[in-house]
Amino acid sequence: MASITIRNFDEGLKSRLRIQAAVHGRSMEDEARDILRSALNRQPQPAANLAEAIRGRFAALGGVDLPLAPREPMREPPIFD
């Protein structure tokens, strides 16, 4: 089985890992292995369409009907001589 070394591991993070391992009744190595396993076994989420994400967030608020701006006939294009 492969092994891994993690350098520059923050002391606060190491302390939290030690506490969480103790709560679960296992070693820090087993706890870290379980955390990595669960994080890497998740199915990747497909990239979201930004417009659909915004629409979904505001859909519960209801829509707004905006009046259309009045249109005028197109003007003649300029002539450059």
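What you see below is based on every heavy atom in this structure, not just the backbone, and it leaves out hydrogens, waters and symmetry mates.
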Linked, directly or transitively: Val23 and Leu17 (ILVMFWY side chains, under 4.5 Å):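 No.
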
Roughly how far, to the nearest 0.5 Å, is [atom2] of [Y] from [atom1] of [X]?
{"X": "His24", "Y": "Ile19", "atom1": "NE2", "atom2": "CD1", "value": "12.5 Å"}
{"X": "Asp34", "Y": "Arg37", "atom1": "CG", "atom2": "CZ", "value": "5.5 Å"}
{"X": "Ser3", "Y": "Glu29", "atom1": "OG", "atom2": "CD", "value": "9.0 Å"}

Summary of side chain to side chain donor-acceptor pair (under 3.5 Å) pairs that have at least one residue in residues 10-22, sequence neighbours excluded: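 Applying side chain to side chain donor-acceptor pair (under 3.5 Å) to every pair that reaches into residues 10-22, excluding sequence neighbours, yields Gln20-Glu31.
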
Chi angles and distances behind the side-chain contact (heavy atoms from CB on, under 4.5 Å) call for Leu36, Ile4: CA-CA 12 Å; Leu36 284 170; Ile4 185 171; 5.7 Å; no

Non-hydrogen atoms of Ile35 and Ser38 that approach each other most closely: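 Nearest heavy atoms, Ile35 then Ser38: O-OG, 3.1 Å.
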
Heavy-atom pair of closest approach, residues Ala21 and Ser27: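 Looking at all heavy atoms of both residues, the shortest contact is CB-O, 3.6 Å.
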
